[in-house]
Amino acid sequence: MAHGRASAHACVRSFQRRCNRSLFTHERQQHAGSRAASIHPGANGAPPYRPSSVLDDWVQREARPISLRQLTFFGRTLTEARLLSSANYVRTELPTRIAHRLRDMQTLPYVVVTNHHISHVYELYYRAFERLRRVPEIRTVDDNDRYCKVIKETLREHLTVIPRLAMGVLEIQGLMKPEETDKFMTTLLRSRISRRVIAEQHLALTETFHSPWYFPDATKLDNEHVDFVGEVFLRCSASEVVQRCAATIRDIVREAYGPAAPVPEIRLEGHLDATFPYILSHLEYIVGELLRNSIQAVIERRRPRGVASPPPPIEVLICETNQHVIIRISDQGGGVPREILPHLWSFSKGPRRQMRLEALNQVPQLAATLQELKALVSGTARHGGGGKRHGGGHGGKHQHQPKKKLPESSLGSLSGRPPDLRLGIGLPMSRIYAEYWAGSLELHSLEGYGVDAFLQIPKLGNKNEQLTTRASMDA
Ligand code: COI
């Protein structure tokens with residue numbers, strides 16, 4: 001549907017008025033009259049709205065990106081002062097980052113923002129913005145504990161964001177150019193990952209601070225005794241992650257295709273000792289998704305022909321360079337069908353749209369990370385119940401804590417996903433995760449033969465999170 005310029009602008013203005021009004025309502029309820037001086041009555045008896053909203057002030061602020069190294073540095077010598085400094089960073093950063101996304105949503109065409117899924121997400125974000133921007137400076141550990149409760153609650157409330165967005169973009173197909181929809185989705189999702197990273201890292205540091213093995217005056221432990229700093233796994237081993245993901249995906253696939261299904265073997269070679277600092281759940285998401293695609297492609301290619309011989313293996317090569325670790329996953333699943341190839345990275349387009357819509361409708365909540373998925377499957381949203389995936393203790397240098405065992409793979413939770421459910425957002429989502437820490441994900445399809453997927457990860461942890469999208473960088 002085409003929109004004239006003038007009518008699109010009218011739509012945006014009308015939407016912004018609506019938003020400002022809803023902001024006004026929130027404020028009136030929560031801060032009775034405290035900001036009334038800045039509210040102007042609307043013309044001709046229309047409800048009042050504030051022409052220059054609080055949101056504008058927050059949109060003026062720039063996000064301050066961080067790197068894995070900074071996250072680690074902060075948590076490694078955790079003192080009360082550092083914990084409070086982390087809290088105040090998160091306190092200003094969350095509303096800033098949300099404000100930018102709210103503004104993006106306000107500039108979407110009216111027909112798009114009135115889609116019930118998109119407007120649901122908008123309302124969630126506005127509520128979170130309103131709640132988080134009002135948090136006063138955090139000066140004490142008690143203040144911080146109260147703040148952490150707010151963060152946990154918000155993280156839990158936002159578990160519905162991904163499925164809502166995924167359904168929303170499918171429903172608005174045709175109302176926006178697919179490239180614009182994808183750019184909007186990519187920016188929104190990347191920003192969501194970023195907010196959850198900083199929020200979860202702070203929760204993890206707070207948990208360490210309160211843990212029984214935290215001694216503020218303890219001497220520093222050397223690096224060998226520390227596996228995790230907050231959510232950052234300092235020695236993430238590419239080969240171990242591949243093996244763990246492979247085992248879990250094989251189980252899931254057997255569940256979907258039956259115990260006798262000829263599941264291909266996964267052959268691992270190359271630099272098997274390569275390790276790097278990373279957020280484990282991000283890597284598991286990407287590798288799990290790539291392996292699932294490969295295994296499924298191999299099985300499905302052979303199924304109609306009833307081939308009896310063992311399926312061709314999936315070959316995983318790990319290559320470590322000075323700056324990067326590269327994981328190549330090669331399958332012989334026949335390659336990507338020609339009609340799907342142009343839409344491989346798209347959230348909004350592609351021949352499987354109807355199937356995706358139906359699949360999404362079966363999933364009331366869809367997780368962005370595997371921990372979220374685990375929380376959903378077990379029915380205990382992690383940040384609602386306060387349970388901690390890594391068992392509560394994150395290796396700050398203060399604790400006389402035994403070297404931590406690798407956590408059980410959060411991929412185990414995938415078995416709770418209905419079998420055979422292809423949601424269709426795994427690949428674009430995986431690329432967003434890869435690019436978020438300045439890595440990349442490419443796929444090369446060899447028609448009629450198979451696919452080579454290349455995942456490149458910067459291994460030094462010194463790259464800032466990437467908050468801009470590929471599309472906007474290209475522009
Ligand atoms: C999200 O999950 O979408 C968030 O923005 C969470 C954050 C506000 C804590």
Side-chain angles (χ1 to χ4, degrees), residues 26 54-55 58-59 61 63-66 71 86-106 117-135 138 144-169 184-207 230-231 279 281-282 285 347 363-376 381-386 388-389 410 425 429 432-433 436 465 467 469:
H26 280 290
V54 174
L55 185 65
W58 285 88
V59 170
R61 304 186 190 198
R64 290 180 290 155
I66 33 89
L71 286 179
S86 162
N88 283 305
Y89 168 75
V90 178
R91 182 181 66 91
T92 51
E93 210 55 21
L94 289 179
T96 303
R97 294 181 187 206
I98 295 177
H100 290 149
R101 302 293 69 85
L102 284 169
R103 182 48 43 91
D104 285 353
M105 293 179 92
Q106 289 178 349
H117 297 300
I118 308 277
S119 66
H120 175 86
V121 172
Y122 182 85
E123 290 297 332
L124 273 181
Y125 279 158
Y126 225 120
R127 264 209 307 278
F129 170 72
E130 281 298 291
R131 186 190 297 161
L132 294 168
R133 78 175 175 86
R134 290 167 197 279
V135 175
I138 295 157
N144 181 53
D145 291 344
R146 276 190 293 278
Y147 180 52
C148 287
K149 280 200 187 114
V150 176
I151 298 181
K152 282 179 192 170
E153 181 60 19
T154 314
L155 284 167
R156 198 186 53 75
E157 273 175 22
H158 285 210
L159 285 173
T160 55
V161 163
I162 303 274
R164 288 292 197 153
L165 282 174
M167 285 189 273
V169 291
F184 162 72
M185 273 294 271
T186 305
T187 313
L188 206 70
L189 291 172
R190 197 178 286 204
S191 171
R192 180 177 190 262
I193 294 173
S194 82
R195 293 190 303 270
R196 293 184 87 91
V197 164
I198 58 175
E200 291 182 347
Q201 180 70 1
H202 181 65
L203 291 180
L205 295 185
T206 301
E207 200 168 321
E231 292 289 307
I279 297 193
S281 61
H282 292 187
Y285 185 96
F347 286 97
V363 188
Q365 290 184 327
L366 170 63
T369 69
L370 293 164
Q371 294 122 303
E372 287 180 31
L373 190 59
K374 186 174 192 169
L376 292 175
R382 175 181 160 208
H383 294 293
K388 203 70 188 77
R389 182 168 60 100
S410 45
I425 63 165
M429 195 73 201
I432 293 176
Y433 272 118
Y436 174 64
E465 45 174 352
L467 297 171
T469 65

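These figures come from a predicted structure and were not determined experimentally. Sequential numbering from 1 along the given sequence is applied to the chain's residues. Basis for what follows: all heavy atoms, side chains included, without hydrogens, waters or symmetry-related copies. Atoms within a ligand are numbered from 1 in the order they appear, just like the ligands themselves.
The backbone N or O of Y125 sits nowhere less than 3.5 Å from a side-chain atom of R101 that would complete a donor-acceptor pair.
The ligand atoms of ligand 1 that sit less than 4.0 angstrom from a heavy atom of R196 are 1 (C), 2 (O). Interface atoms of ligand 1 facing L155, defined by a heavy-atom separation under 4.0 Å, are 6 (C), 9 (C). In summary, the atoms of ligand 1 found under 4.0 Å from a heavy atom of R192, numbered by their order in the structure, are 1 (C), 2 (O), 3 (O). Close approach of ligand 1 to T154 (heavy-atom distance below 4.0 Å) involves ligand atoms 8 (C).
A salt bridge links R97 to E93: at least one charged side-chain nitrogen sits closer than 4.0 Å to a carboxylate oxygen. Electrostatic pairing of R131 and E157 counts as a salt bridge here, judged by a charged N lying under 4.0 Å from a carboxylate O. In this structure, E465 does not pair ionically with R195, as no charged nitrogen and carboxylate oxygen lie closer than 4.0 Å. A salt bridge does not link E123 to R127: none of the charged side-chain nitrogens sits closer than 4.0 Å to a carboxylate oxygen.
Here the shortest heavy-atom distance to atom 5 (O) of ligand 1, taken over E157, E93, R195, R131, belongs to R195.
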